[in-house]
Structure formats: C-alpha cells, structure tokens
Amino acid sequence: MRAPLQAPMVLLLPLLLLPPPDFRSTVKAQVNPAVCRYPLGMSGGHIPDEDISASSYWSESTAAKYGRLGSEEGDGAWCPESPVEPDDLKEFLEVDLRALHFITLVGTQGRHAGGHGNEFAPMYRINYSRDGTRWVSWRTRRGKQVLDGNTNPYDIVLKDLAPPIIARFVRFIPVTDHSTNVCLRVELYGCAWLDGLVSYSAPAGQQLVLPGGSVVYLNDSIYDGYSMAEGLGQLTDGISGLDDFSQTHEYHMWPGYDYVGWCNESTSTGYVEMVFAFDRIRNFTTMKVHCNNMFARGVKIFREVQCHFRSEGAEWEPSPVSSVLVLDDVNPSARFVTVPLHHRMASAIRCQFYFADAWMMFSEISFQSDTAMYNNSGALPDSSVTPTTYDPTLKVDDSNTRILIGCLVAIIFILVAIIVIILWRQFWQKMLEKASRRMLDDEMTVSLSLPSDSSMFNRNRSTSSSERETNSTYDRIFPLGPDYQEPSRLIRKLPEFPPVEEEAGCSGVSKPAQPSGGEGVPHYAEADIVNLQGVTGSNTYSVPALTMDLLSGKDVAVPEFPRKLLTFREKLGEGQFGEVHLCEVEGPETLGDKDSALDGDPGQPVLLAVKMLRADANKNARNDFLKEIKIMSRLKDPNIVSLLAVCIAEDPLCMITEYMENGDLNQFLSRQECHSLPGSSAPSISYTDLKFIATQIASGMKYLSSLNFVHRDLATRNCLVGKNYTIKIADFGMSRNLYSGDYYRIQGRAVLPIRWMSWESILLGKFTTASDVWAFGVTLWETFTFCREQPYSQLSDERVIENTGEFFRDQGQQIYLPQPAFCPDSIYKLMLSCWKRDSKDRPCFQEIHSILQEASILL
C-alpha cells in the first residue's frame, strides 16, 4: 500500500511549458549523444594501469595494462592466457572509469607489435556495471549482443553503441567461432554522466491502438533493470521523441519506440509514480521532462507533479515539491517541461505525474544539481584541459573556488571558440571567392575518425607512432559557416556554347562544347536553374534554361477535376506552403483520361496523391506551383509519376498525381525479409526483383536526363512501388515527417539531402545530371541493403559534409559506402563508378540502364 498523499508544504508553482522561440534551442536533454564522443583515456594514458584489469593474461608483457588502443608497449596488446573457445565468455578485459560515464562509441584493435603479432578478436561482447556488482550484457535495439570486431591486427574498428551505455565498469569479452588465440586493444568514447542518476523505477509502458488497428508500443525496450526497477533505459538515452509519437528517430523501429507511455484508465490513482536513485546526496535545482502533447489523440503533458525527497537511509520527507502546469491545447508539439526542485537535498526522488488526458508519454528525463551542470557544447565542466585530454579519474570539487575557476576556464574556452569561428568564416569567405578548383586546398584539413558502422583506419606497418596517435583520436569538427549559400544561388550563368552530341552510349544528353582549356565549364549543360519549390518545400525537378520553352505560352495538358469527387484518406506530409494528401476516387474512369496508366478495375477505388497549395500562400509560391504543374504535365514516361488532373479553377490549387498501392520503395523494402545466401529458404524478394527495381529507376532517370532535367532528390523514399514491383519516380519524400532525418538544414538557409548528394553539390552548389548519377548510386545501395539503415548512418551530418572535402582533395581519405552483405560485385562496381570524383568519369543514365539490363547476377 502506498502512503496517502500529504498536503504539500510549498506553494503550487506554474511551469513554463514552451520557452520563447529564441530560447527553445537551449532546452535540451542534459547529455547529447551527437557531441558526447570523446576518448576517455585508454589511448591517451589518462586511465591509470591499476584501473585496467583482465580475467587472465598470457605473460607480463601482454597484461591488461597493454590493452590500450593505438599503443605498442609491451608485446603490443592484452592477450588472455589460453585460446578463446566458441561460446566461452570467461575471458575479459575490464576498464574502471572511476565514475559514471555516458558511453556512445567503442574502438578495438588487435596485436600488431611492429609486424610480429597477428592476433585479434573477430567478434566481442560488452558487459557493463554501475556499481561493480550487478553486470548487464549490452545489446542493440533489436537484441543483438555480439559486435563485429577486427579482421586484421593493425586496423582500428569503431562501433557506435546504440543504445548508449551509462556505466563505471566496462568489460570487453572476445568471441570466436572456433578455438583461436586473440589479443585486444580498446578505447571508450563518451563523456562524464553528470546527472548522477543510477536508476529509475516506473510502471511498465503500455500499448496504444490507433484508429485503423495499428498498435503503438510504448514500453521501455532498452531498460537494463528488473521489471522496470533499478535500471536505466530510454528515458536516459539522450534521444527526444518527435511531435508525432507514432514516428521515431531510429530507422525501422516500431511505432512509439522513442516514448514510454501510460494510460489513465490503467491506474486507480490518476498518476504515474517514478522513483529516481542517485549516486550520492545532491542539491537539486530542476528536473526536465520531455513530453508528448499530441492532444488530438488524447495525449497531453502531465497537469501536475509532486516530488518527494529522501536522503540515504532516511524516510521520505513529508513535504513534497508540487508544481501545477498551465496546459497547452493549441500547440501539439512535443517539448521539455522544466520542474523547479528548489535546491532540495536528497539521494532519491519520488515523483507522481498526474494525467491531464487519457495518455501521458515521456521520452527523456534529466536532472540538474549544483554540482552537475552540463553545457551542450560537449565541453566538460571544472576542467582546464580540452575534452580529448580529459582525465576521468579527476574528482569533482564542490567548493566555490573550484566552481569559480571552472567558470573562468569556460569563459576562456568560449572566447577561443568565438575567435576560431570568426577565423573559420573568414577562411570560407576567401575560399568561396576563388575558382572552384582551388576552393578547398591543402590549407583545409579534416580529421575524420568515424567512417561507417565498421570503420577502419588503414595503417601501413611502417606508419609512425605520431600518425597512429592522430588517427586514433576522435576530433570535434565545425559545421559549414553561415557564408554557405543555397546551391541554386551558387550556380551562375555559364558561357553559351553550341551543343554537341554526347559520346556513344549517351546520345540522349547534350553537353556544351568545351572552349580551349575547358576550365570552369561543367560536364553537363548548366545554364541558370529554375527551382520549382513544391508545396511541401521539396525541390521537385530542376529545369535548365534550355527547356524553359515548356513553360511558355502553352496550356496545361491535363484536365480540371471536380474536387468534390476526392475522398480524403490521410495526410502524407506538409511543408511551408501546402500539404500532400492521400485521396481516392471511385475508379480510374472517373479521371476521364484514356491514356492514363492507372491500374484498377472500373468502379474500384483508386489511390491518388493530391498536392494542395494553401489558400494564403504568397504570389511566388503560387507561381512556382503553376510552373510545376506545367512541367509535370509534359512528363510522360512509364517510370515517372504522372500528373493526372488539376483543381485550379478556385483555391486551394491542387495537382493530382499517381500514388502506387505499395507506397514508397524505402518502406516497401524495409518490410521485406533480408535476402539469404544461395541454397537457403526462398526469400520474399529476389536479386532479380532488386535488379528489376534498379533498372526501372535508371530508365526513369534516363528519360529525365534526356530532357536535361535534374531531379536533385533521388532516393528510395522518392520512388513509388506498384503491382509486380513497378517503380515510378516521385518527389514526396521531403514532405514526410518519417524522412525528416534524411534532410539537413545548413545554417538555416537550405534543407538538403546531404547523404545522397555529390561532393560538388554540397560544396559548390552544382546540381547536374552527373550529381543525379551520384544519388542513383546511393539509391542503388539503399535498394540492396533493403533500406535497413540510412546511408553513412554512423556519421553525423557534419562529418558527412567533411567527407565531401576528402572527395574534393582525392587523397585516398574519402569514405565510401560499404558493399552490402550479399550485393554482387558487379552491382557494387556500378555504385563506385557513380561516386567518381570527377563528374565526367561517372556513367550517364543511358549507360547505367544498359549495364543493369545486361548484367548477369548469379543467384
């Protein structure tokens, strides 16, 4: 039985739900996984030898203290006493960080010893503990416990931990599939866990059934305690949920993954009680709770919270802190709610969150106390050294003198950062003024240490120790400065030359004739580009000036359609000037277009996509919308989504296009079973089907390139799937919240799909048919990975941009997407040709289409 609630001894305080726009960016989780990626001291030597231990070791020269990443001391690594046997998990290398840390990345390496060693761990597991007594086996979000390790003794392999680990003790356990000798060197990357939270206990999350029957699972799927007691999980993983709780940041996870939620009907008290335990007594100032507020579906922020406090070994204090919220029934956005805790001293907090509606959902909970304050820049407090040399053995000093020194050091760092940013901006401004061939010279250096899910730093055996030390250090980077312009503004009017025929095999595309020297003239025709901004904000097709005759003086070649015949099904997405809806009509004959390629029996409902411009859109948006209609009405190809009809007689303006019954290719492929090795049970989709899908995409792009159209956003999310794997290229991807993570906003100027873009599109703003070829290579990679992960999923957006600098310099440091598990060599060779540094070396779409048609893929 719970004790009855006692009357609060403090006044009820209203909470500020949503800060003003200028301050909203400062309200974040206490720890940010994107910046919490610093080496914790194995490679740098800041973790002392006595804090590194092992189950056994072969000799004194292979003891645990030699298991430091990048070090060749002793005999070059930690090596257990006996060979490791399959399913034998008794051997381990343990690191004591002396305090709780938020660990986001690990690195491993074998024993090289200057060419004398050839032992490494091909696989490994990670166990961790916060108190040294209870150990937890780390697993991925889908339950996998074994990580792929090294394939040779000298390369460093970095692995992102998703979900991250909060622990003091970490063990690396080598795993093999046959009896073998292994040796290991390791590093941990992350930052100090200054929350001090060691566990939380809460009721188990529940399931919400949406209209239509789809189920949203709101359980804490990565919780590492016992039945939602004495553990940590999704509420401390640093990932805040989206506005729509049925969507998720993580690729291909179930609806509701980011949230833990409870239903009011399942409780008799009207509240959810959670207990938070901390590492020691702390002076608490605030609690921040990230809540969903999708009130249209019965989800609201809690209306009141009461928090009780307890010190070690004592009873719960009778007087709680109580706070009442001013509820928001206007803005459905998810947001952080800040709860003042009034400097109460405690080592445990029990909070009761009262329902304001049928459901209550949290994605993050963090605490701030006087000795545990984060700044989201990633810098560590009270330290006069840079994060890469941070010593995790340092103790936090609570004295006012130390706090003052820490503040002064932080101010110095801020001033230095401002100076660096100013110099960086000046540098980029000068570089943009130079010729494009000299835009990025040897003065610009990029340090990249996280290439991919199985990232490797190739090291020759003659590599100097200084080079190895540099490669093994995870360095922070700067994003592009505010001088970066939207790509369409960087493309200037080029000299006009009479067109000449393309080489054999690409006669469908015209190239401008090259003047002497050819400097500055791109491979494909690039006169001024007209950006057709769709109602969703997406760049549909970019049209060179030489095709603008399509827009001049001609009526739209599609009929007007009575909008009353459209039946609304769901909203696919929205943008700044309008929305995209999924609608249906009674049958294909309703459209009255005998040439329509719509499938379906007469009288049977047919799905359509309706792009609708808002009635209050400005004049420029209306003009762009009409231009897009005119362009789309001229596109007639079996692999391009057709414009079927329009509603432009009155506002709101609408265009009606095809919508394939199986949705977009990304979601379609992600629902299929992964292709197995030859000889196993039949998969749901074959290599032949994948090749057929890729051939159709190439065919559609061949048609667009023959008209000198540039798509600029080719990806599986922009390909629709019909019956019998029929593919049609569209442009709906950018409008959907599901794919918001695929787009990157550069300093508030341009929203770009950088993971699909060529280096010249990102750095120089040049969009050509050749850059579409690059995007096709990425789309082909998506297809053969069954869209199981985002391209460069282990790279941050900023590091993807930095990698483009490596493509420009072409010094062998650029990172390519890896060959999918069962992708044929011929297909991967085609992908690599699409990612050639020089655009003129990339195949044209006619060549790509021919290669895919003629390719012989062995099953």
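Residue numbers start at 1 and run along the sequence shown.
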Chi angles and distances behind the side-chain contact (heavy atoms from CB on, under 4.5 Å) call for I126, F172: CA-CA 5 Å; I126 292 178; F172 291 82; 4.3 Å; yes

Contact summary for C291 and I301, nearest pair of heavy atoms: CB-CG1, 3.7 Å

Test side-chain contact (heavy atoms from CB on, under 4.5 Å) applied to L188 and V106, step by step: CA-CA 5 Å; L188 300 162; V106 294; 3.7 Å; yes

Criterion side-chain contact (heavy atoms from CB on, under 4.5 Å) on L89 and V175, from CA distance to verdict: CA-CA 7 Å; L89 305 179; V175 177; 4.0 Å; yes

For F278, all residues meeting ring-ring contact (aromatic ring centres under 6.0 Å, His included), sequence neighbours excluded: F284, F367

Pairing residues for Y223 by the ring-ring contact (aromatic ring centres under 6.0 Å, His included) criterion, not counting sequence neighbours: Y200

Short side-chain donor-acceptor distance under 3.5 Å, S366 and D195: no

Sequence-distant partners of Y257, ring-ring contact (aromatic ring centres under 6.0 Å, His included), two or more places apart: W254

Under 3.5 Å side-chain donor-acceptor pair for S199 and E230: no

Pairing of R168 and D279 as salt bridge, 4.0 angstrom limit: no

Check: S129/N127 side-chain N/O donor and acceptor closer than 3.5 Å: no

Set of ring-ring contact (aromatic ring centres under 6.0 Å, His included) partners for W262, sequence neighbours left out: F362

Modelled atom types, side-chain donor and acceptor of S71 and R185, under 3.5 Å: no

Test item: side-chain donor near acceptor, Q368 and T285, under 3.5 Å: no

Minimum-distance pair of heavy atoms, taken over all atoms of L69 and S43: O-CB, 3.2 Å

Any residue meeting salt bridge (Lys or Arg N to Asp or Glu O under 4.0 Å) with D244, in chain and number order, not counting sequence neighbours: R297

Heavy atoms from other residues, nucleotides or ligands near CD of E50 exceed 12 (cutoff 6.0 Å): yes

Intermediate values then yes/no, side-chain contact (heavy atoms from CB on, under 4.5 Å), T269 and E273: CA-CA 10 Å; T269 58; E273 182 173 275; over 6 Å; no

E94: partners by salt bridge (Lys or Arg N to Asp or Glu O under 4.0 Å), with sequence neighbours left out: R171

Point-to-point distance, once rounded to the nearest 0.5 Å, from CD1 of I166 to CZ of R130: 6.5 Å

Qualifying residue, where the test is salt bridge (charged side-chain N to carboxylate O under 4.0 Å, His left out) with E317 and the options are R310, R344, R350: R344

